[in-house]
Every structure is written in C-alpha cells, then in structure tokens.
**Q** 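This is the structure I want to talk about, given as structure tokens.
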Amino acid sequence: MKNHEIATLFGRIADVLELKGDDSFRINSYRKASRVIADLTEDIEKLASEEKLTDIPGIGKGTAEKIVEYIKTGKMSKYEEVMKGVSEETITLMQIPGLGPKTVAMLNRELGIVGLSDLENALHEGKLKGLFGIGDKKIENIIKGIELFKTSQQRISIGMAYPVVKRIIAGLRNNPEVKDIQAAGSLRRMKETVGDIDILASGTNGASIVESFVSMNGVTQVLASADTKGSVRVEEGVQVDLRVVKEDEFGAALQYFTGSKEHNIHLREIAKKKGLKISEYGIFKGEKKIGGSMEEDVYKALGMNCIPPELRENRGEIEAAQLGKLPNLIELSDIKGDLHNHSNWSDGTPTFEEMAEHAIKMGYKYLVVSDHSKSLHVANGLKDDELLEEIEEIDKLNKKFKGFTLLKATEMDIKADGSLDFLDNILEKLDVVVASIHSGFKQEKEKITERMIAAICNPYVNIIAHPTGRLISKREGYEVDIDKVIEVCAETGTALEINCYYDRLDLNDIYCRKAREAGVMIAISTDAHHIDQMWMIELGIGIARRGWLEAKDVINTFSVDKLKAFCMKKRK
DNA sequence: GCCGTTTTCGGCCCGACTGTTTTCAGTCG
Ligand SMILES: Nc1nc2c(ncn2[C@H]2C[C@H](O)[C@@H](COP(=O)(O)OP(=O)(O)OP(=O)(O)O)O2)c(=O)[nH]1
Ligand SMILES: [Mg+2]
Ligand SMILES: [Mg+2]
Ligand SMILES: [Zn+2]
C-alpha cells in the first residue's frame with residue numbers, strides 16, 4: 001500500500017511550507033490530509049481508482065490530484081517543487097523544543113545553518129548573538145532544547161508507561177492537597193504508544209502538589225516547575241507532565257488535556273457554531289460560564305453523550321455522538337477468560353495450577369492453555385505425544401475446579417511452507433486452536449497471505465494470533481493482505497486476536513475496527529508467558545475500545561459453553 | 001488547501017508563556 005508514503009509526503013510538504021512561512025491554514029490542510037491517509041484502512045490506490053478520494057474528509061480536489069499523480073508517476077510535483085533547496089536536516093531542526101519554523105528559517109537565511117552540527121558550531125562561536133529577536137535567554141533556551149532533543153527517546157508502548165503512571169498517581173494521592181487526579185493525554189486514550197505521560201490534578205495549593213511531583217522517587221530530571229504545572233523525566237526515560245487546576249475546572253481541563261488535539265479542535269468548532277466557547281477553563285456563553293466542573297458538561301453542552309476517551313481521535317466519534325449512535329464499548333469486566341497463554345510445558349514459566357489460580361483471582365471463568373507447537377524449537381514447542389499428555393493433565397486438573405475451566409489448546413505454528421504443525425486427529429482433541437506465524441517474515445506478501453488463508457480455512461483453527469507480527473519497539477509487521485485475511489475470517493467464522501503483550505498490541509486499533517465492520521469476531525488475549533503478564537489484558541481492552549468494539553464482538557466475553565460452541569461450529 | 005441545510009467566499013480552537021515585545025510574534029500543549 002502506498003498510504004504510508006503518501007501520508008509522509010504530505011507531512012513533509014507541510015513542514016517545508018511552514019519553514020517557508022506559507023499560509024498556516026494551508027499547512028494545516030496538508031497536515032490533516034497526511035493524518036487521515038495514515039489512519040486509512042483502505043488501500044489508497046483502490047480508493048483512487050474508484051474516484052472516492054474526495055469522500056475522505058480532509059481530502060479535496062487539490063490533494064486528490066496530487067495523490068493520483070503520485071500513484072500514476074511515482075512522483076508528486078508539488079513535493080519536488082517545495083523541497084528544492086531545502087535539506088531534510090533543516091526540517092529536523094524544527095523538532096528541537098523551542099525552535100520553530102520562523103527561527104529555523106531565520107538561522108538558515110542569516111547564518112546558512114542547515115543541520116544540527118551547523119547550529120552547534122554557530123552557538124559555539126557565538127554567532128547567534130545580535131540576530132533579530134535573539135537575546136541571551138533565547139540562546140540559553142536553544143542550548144537546553146538541543147540537549148533535550150538529543151536525549152529524548154522515541155514514543156514508548158503504552159504498556160511501559162502504564163505502570164509508571166499508576167505509581168506516580170498513587171504517590172501523589174498521599175499529598176492531602178490533591179483533590180482529584182487522573183491520567184490524561186494519549187495514555188488516557190489508550191493509544192498504543194505515548195510520547196509523554198500527561199497527568200491532571202485539582203487542588204487549591206498547586207505549589208505543594210507540584211513540589212510533591214518534582215521531588216518524588218524516580219525523577220531523574222526536573223524540566224519545569226511552577227505553581228500550576230511541572231514537567232520531569234523519570235528513570236524509565238519518559239517525560240511526565242503534570243497540570244494542576246482548580247476543582248471546579250477539573251472537568252473542562254480533563255477534557256482539554258485528554259485530547260486528542262484534533263478531537264478538541266473539532267469540538268470547539270462545533271461549539272463556536274452554536275455560539276458557545278470551549279476552553280480548558282470551562283464552557284462559556286458570552287462571558288457566562290455554563291459548565292466545566294464535570295467532563296461530561298462539555299459534551300452535554302453540545303447535545304452529545306460523553307464520548308469515551310479511547311474514541312477521541314476525530315475518527316467519526318463526534319458525528320456518532322451527535323446522532324446518538326456511540327457504541328456501547330466493551331469493558332474489562334466483560335472479559336470471562338484469557339485465550340492465549342503459555343505454561344512451563346513450552347516457553348512459559350507457570351504451572352497449570354498457577355495459571356488457573358491467577359485466572360480465578362482475576363475473576364475469570366476459563367483460561368486457554370496454548371503452548372507452542374513442535375516446529376518452534378526455540379520456544380520448546382510440544383510434539384504430538386507431549387500435547388496429548390498435556391491434554392490428559394489438564395483433564396485431570398479440571399475435575400478439581402468448580403466454575404472454572406482450563407481449556408485445552410495449542411498455539412500452532414503456521415510453517416514457512418504454509419502447512420500446519422498438527423494433523424486433524426490431534427486438533428480434534430482440543431477445545432480451542434490458536435494459529436500464528438513465527439517464521440518466513442521476509443516472504444512475499446502473496447506467499448504470507450496464502451499461508452495465513454490456508455490456516456484460516458482449516459476447520460479446526462479458531463483464532464489467528466498476532467495477525468501482523470509487528471513489534472512496536474523492533475519491527476514492522478510482515479507483509480500480509482489484511483483485507484483478504486479479514487474477508488476469509490468473516491466467511492469461515494475464524495476470530496482475529498488482539499494480542500495484549502505490550503510490545504505487540506496486534507491487531508492494532510484501526511485494523512480491529514475494520515475487522516469488526518466486516519463481521520469478524522475478536523479474541524483479546526495476553527499471550528502471557530508469566531503470571532505477571534496477565535494484567536496486560538487491560539491494554540488489549542484499550543485497543544479494543546479504540547477499535548469501537550462492543551462486548552458482543554469479542555469471543556472471550558462468552559460463557560465457556562458459548563465459547564466452546566463457537567469453536568465447534570467451524571468443525572461441522 | 002478544505003469546507004458548507006443559515007455560506008461556493010471567508011473563515012479555519014483557544015490559551016499560556018516567553019522574550020527585547022512598546023502592542024505582539026513565536027512556540028507550545
Ligand atoms: N485545544 C487544543 N488542545 C491541545 C493542543 N495541543 C495539545 N492539546 C491537548 C490535547 C492533547 O491530548 C493534550 C496533551 O498534549 P500532548 O502533546 O501530550 O499530546 P498527546 O498526549 O495527545 O499525545 P502524545 O502521545 O503525548 O504525543 O493537550 C492544541 O493545539 N489545541
Ligand atoms: Mg501526551
Ligand atoms: Mg504532554
Ligand atoms: Zn504465544
């Protein structure tokens with residue numbers, strides 16, 4: 001798919017136009033186009049051939065033409081044109097905190113600064129002094145910004161940020177000045193990666209709260225500290241921003257600070273058309289404040305139900321809310337079991353007993369034991385006789401439980417040649433069959449898709465695990481025609497997994513939404529190899545909610561009998 | 001550059017902080 005390339009090009013055009021001082025609204029349009037294309041689940045070439053490009057909100061005549069040109073010729077003349085005489089390095093300079101397009105352009109014009117090393121040299125030689133609009137403090141700021149830029153890390157998985165934010169909030173609650181406190185930003189929206197951690201607190205003594213914040217354990221660097229806000233870096237490397245507001249502003253501030261930016265802008269536009277004004281301080285009619293202590297005030301004022309944070313990406317949730325058609329999103333308490341877990345029979349650490357004990361503690365009614373299969377030597381995959389033995393063990397153990405069942409399963413390898421690791425005479429003895437790809441990542445898209453489809457068409461295969469194979473911190477997924485996979489899953493009654501492991505989160509939110517729209521059932525599974533990974537089901541719930549899933553779309557909201565029936569149905 | 005049941009032209013979210021700013025531009029969230 002060329003989606004990613006085209007989105008990148010529009011983003012670049014926006015950057016360069018900004019540098020050149022072009023109209024900010026036009027720049028915004030390119031940014032918006034870039035974003036909607038990146039979010040698209042359809043292949044943009046397909047949409048172009050059907051002349052449906054301008055149906056996409058944010059894509060008009062101009063951008064549509066540029067897309068078509070790129071698809072036809074592999075080039076976008078607007079891009080080539082604006083990039084003339086501009087270096088990529090110069091664009092990167094704008095990422096330095098405190099350095100915006102105006103300053104970078106000026107430095108380039110006046111001192112011929114192209115990249116970071118030029119800038120550092122110029123600073124060293126004191127060349128910035130005396131330039132228009134640059135004083136000592138500005139220079140100081142740029143030096144700090146460069147340091148911050150050099151040491152800042154990439155976006156991290158929400159799974160890494162999650163424990164950090166829990167720890168910080170628990171710590172700050174010890175300060176009695178804190179009335180209300182909650183995570184906001186991308187973390188509250190459960191976005192798969194977060195750029196920073198945003199926390200909102202309320203109370204009258206902001207200084208005390210910020211003081212607790214910057215002096216808490218784990219802080220390695222204090223980036224800012226004032227009466228109503230603080231910003232630190234913690235030992236995990238991530239930046240944490242705290243804002244403190246008055247109690248009666250908490251709702252409006254939480255709405256603002258949760259974002260997303262695009263969601264906020266869209267809401268504010270609607271408010272404006274209704275003669276209202278929304279800001280982080282409240283909802284206003286003229287001078288009069290008409291709400292803002294509760295978050296839902298903001299949505300109520302616009303005639304909407306409160307939109308769940310996970311949906312707030314400006315991907316149609318505002319329109320749905322206006323029509324009263326928000327989905328009834330799945331919740332953690334709907335989950336009755338975990339559908340992908342490893343024991344010490346393959347590469348996991350827990351015994352069956354330990355797994356069951358923990359599952360029961362989590363309120364589950366069942367747990368799927370899905371150890372690896374024989375081809376996966378590195379993971380100590382089970383051979384036929386070992387799997388048969390495992391089945392016997394589990395059957396024995398199950399007699400001890402009341403209202404809880406360990407389900408017999410395998411995570412069967414889909415081998416590089418497309419064949420499966422067990423024959424039907426083994427598979428028929430299992431309750432659930434999970435299948436997944438662990439090899440041949442570099443194969444052609446057609447080949448990988450073919451392997452996947454073959455597995456999906458096997459009447460014993462119920463769930464395809466980590467369907468794209470991506471690892472958030474390490475690699476893109478393998479090339480697979482996800483549209484085709486979704487289509488065949490829908491036809492065959494095969495479920496797709498949201499793998500909850502923090503570095504996978506695969507399916508992601510947008511594929512998940514797409515699968516649901518196609519009528520594919522979803523399994524939310526942790527793929528836990530240790531007991532202490534089972535909490536990650538919370539991450540998967542976040543992804544599911546971002547994918548607009550309701551409880552009825554998810555097979556592990558089913559009772560054990562209904563789940564078994566779901567699996568058996570395919571065999572008939 | 002995009003968009004429209006009050007508009008096909010004239011808008012496009014709103015506010016805080018900083019600096020060398022004398023009335024505001026640039027940057028950020
Ligand atoms: N109204 C409005 N709100 C904004 C704007 N920029 C940021 N916000 C709000 C919404 C964001 O979710 C929130 C926190 O800002 P962040 O830069 O931390 O963004 P966010 O957490 O969404 O993403 P991140 O993962 O940190 O990159 O502030 C803006 O330009 N206008
Ligand atoms: Mg953030
Ligand atoms: Mg932030
Ligand atoms: Zn697994």
Side-chain angles (χ1 to χ4, degrees), chain A residues 10-11 13-14 17-19 21-37 53-67 78 82 93-107 128-142 144-145 148 184-186 194-200 223-231 239-245 249 252-284 292 298 302 314 318 322:
Chain A
F10 283 140
I13 291 175
L17 289 181
E18 214 174 13
L19 207 54
D22 207 286
D23 177 62
S24 64
F25 300 109
R26 181 181 297 115
I27 293 166
N28 249 339
S29 297
Y30 279 111
R31 287 257 148 76
K32 193 168 183 187
S34 171
R35 184 177 168 274
V36 294
I37 294 166
L53 288 174
T54 51
D55 292 354
I56 307 167
I59 304 294
K61 204 160 156 277
T63 37
E65 272 172 14
K66 292 177 179 70
I67 294 165
K78 175 80 179 180
V82 299
L93 286 180
M94 291 196 292
Q95 289 173 22
I96 296 171
L99 268 195
K102 302 290 179 203
T103 315
V104 171
M106 194 268 290
L107 292 175
L128 269 66
K129 226 183 173 111
L131 285 178
F132 184 78
I134 302 229
D136 288 345
K137 286 191 176 168
K138 186 86 191 171
I139 291 176
E140 199 56 27
N141 233 344
I142 294 175
K144 267 196 218 153
L148 218 56
S186 48
V194 301
D196 66 1
I197 294 175
D198 303 290
I199 299 175
L200 181 72
L223 303 169
S225 173
D227 280 357
T228 59
K229 61 169 86 171
S231 185
Q239 182 176 327
V240 188
D241 292 343
L242 173 75
R243 264 192 87 157
V244 184
V245 298
E249 289 167 353
L254 184 61
Q255 195 289 317
Y256 152 75
F257 211 27
T258 298
S260 65
K261 175 181 170 179
E262 292 77 11
H263 174 90
N264 286 355
I265 290 176
H266 195 167
L267 272 192
R268 289 170 181 207
E269 280 167 355
I270 291 169
K272 197 169 185 172
K273 283 190 192 129
K274 289 186 189 278
L276 302 172
K277 184 183 70 171
I278 294 172
S279 77
E280 58 265 52
Y281 299 103
I283 309 123
F284 301 88
V298 176
L302 303 181
N314 200 27
I318 292 175
Q322 283 175 318

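Treat the numbers as computed from the prediction; the structure is a model and nothing was measured. Protein chains get the first letters and strands the later ones, always in sequence-line order, with residue 1 at the start of each.
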**Q** Is the shortest heavy-atom distance from the side chain of I278(A) to the side chain of I270(A) under 4.5 Å?
**A**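 A side-chain contact under 4.5 Å is absent here.
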**Q** Nearest-Å distance, CD (E269(A)) to P (dC14(B))?
**A**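 After rounding, the gap between these two atoms is 9 Å.
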**Q** Starting from P on dG29(B), measure out to CG on D196(A) and report it in whole angstrom.
**A**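 Rounded to the whole Å, the gap is 8 Å.
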**Q** Strictly by Watson-Crick or wobble contacts shorter than 3.5 Å, is anything paired with dG29(B), and which nucleotide is it?
**A**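 dC14(B) is the nucleotide pairing with dG29(B).
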**Q** Tell me: CG of L267(A) to P of dG15(B), nearest whole Å?
**A**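 The answer, rounded to whole Å, is 15 Å.
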**Q** Who pairs with D227(A) by side-chain hydrogen bond (donor to acceptor under 3.5 Å, both in side chains), at least two apart in sequence or on another chain?
**A**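 Counting only residues at least two positions away or on another chain, D227(A) forms no side-chain hydrogen bond (donor to acceptor under 3.5 Å, both in side chains).
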**Q** Under 4.0 Å between a side-chain N/O of T103(A) and OP1 or OP2 of dT27(B), yes or no?
**A**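 For dT27(B), OP1 or OP2 has a side-chain N or O of T103(A) closer than 4.0 Å.
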**Q** At under 4.0 Å between heavy atoms, how does the protein contact nucleotides 1-7 of chain B? Give one character per nucleotide, 5' to 3', with B, S or -.
**A** BSS----
**Q** With the side chain counted from C-beta on, respond yes when Q239(A) and D241(A) share a heavy-atom pair under 4.5 Å apart, and no when they do not.
**A**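 Heavy-atom side-chain distance check passes, below 4.5 Å.
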**Q** Within less than 4.0 Å of OP1 or OP2 of dC12(B), is there a side-chain N or O belonging to K272(A)?
**A**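 Checking K272(A) against dC12(B): at least one side-chain N or O falls below 4.0 Å of OP1 or OP2.
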**Q** Might you point out which heavy atoms bring F257(A) and L200(A) nearest each other, and give the distance in Å?
**A**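 Shortest heavy-atom separation between F257(A) and L200(A) comes out as CD2-CB, 4.0 Å.
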**Q** Quickly, which of D23(A), D22(A), N28(A) forms a side chain to side chain donor-acceptor pair (under 3.5 Å) with R26(A)? Name it, please.
**A**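 When side chain to side chain donor-acceptor pair (under 3.5 Å) is applied between R26(A) and each of D23(A), D22(A), N28(A), only D22(A) qualifies.
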**Q** Summarise protein proximity over nucleotides 16-22 of chain B in one line of letters, 5' to 3': B for base, S for sugar-phosphate only, - for none, counting protein heavy atoms closer than 4.0 Å.
**A** S--SS--
**Q** Please round to the nearest 0.5 Å and tell me the distance separating atom CG of N264(A) and atom CD of E262(A).
**A**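 One gets 9.0 Å once the value is rounded to the nearest 0.5 Å.
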**Q** Mark yes or no for a side-chain to base donor-acceptor pair under 3.5 Å between Y256(A) and dG29(B), with no hydrogen or angle criteria applied.
**A**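 Answer is yes: a donor-acceptor pair is held.
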**Q** Measure NZ/K261(A) against P/dC12(B) and give the value in whole Å, please.
**A**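 Nearest whole value for this atom pair: 16 Å.
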**Q** Could you state the atom-to-atom distance from CG of L107(A) to P of dG26(B) in whole Å?
**A**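 Rounding to the nearest Å, CG of L107(A) and P of dG26(B) are 13 Å apart.
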**Q** Just call it for I13(A): base, sugar-phosphate, or nothing, with non-hydrogen atoms closer than 4.0 Å on any strand.
**A**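 Nothing, no heavy atom under 4.0 Å.
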**Q** Send over the distance from N314(A) CG to dC12(B) P, rounded to a whole Å.
**A**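 Rounded to the whole Å, the gap is 17 Å.
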**Q** Please report the shortest heavy-atom distance between D198(A) and S186(A), naming the atom on each side.
**A**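 That closest heavy-atom pairing would be OD2-N, 4.2 Å.
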**Q** Taking the P atom in each of dG26(B) and dT21(B), what is the distance between them to the nearest angstrom?
**A**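 13 Å, rounded to whole Å.
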**Q** Take I96(A) and H266(A), find for each the nucleotide of DNA chain B with the closest heavy atom, and name the residue whose nucleotide sits nearer the 5' end.
**A**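 So the residue in question is H266(A).
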**Q** Taking the side chain as every heavy atom from C-beta outward, state whether L107(A) and L131(A) have any atom pair closer than 4.5 Å.
**A**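 They are in side-chain contact.
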**Q** Distance check needed: dG29(B) P versus I197(A) CD1, whole Å only.
**A**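 In whole Å, dG29(B) P and I197(A) CD1 are 15 Å from each other.
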**Q** Given atom CD of E249(A) and atom P of dC14(B), what is their separation to the nearest angstrom?
**A**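 Distance, rounded to whole Å: 17 Å.
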**Q** Are side-chain heavy atoms of M94(A) and T103(A) found at a separation under 4.5 Å?
**A**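 SC-SC contact between M94(A) and T103(A) ruled out.
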**Q** With heavy-atom distances below 4.5 Å as the criterion, would you say the side chains of I67(A) and I59(A) are in contact?
**A**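 A side-chain contact exists here, since the closest heavy-atom pair is under 4.5 Å.
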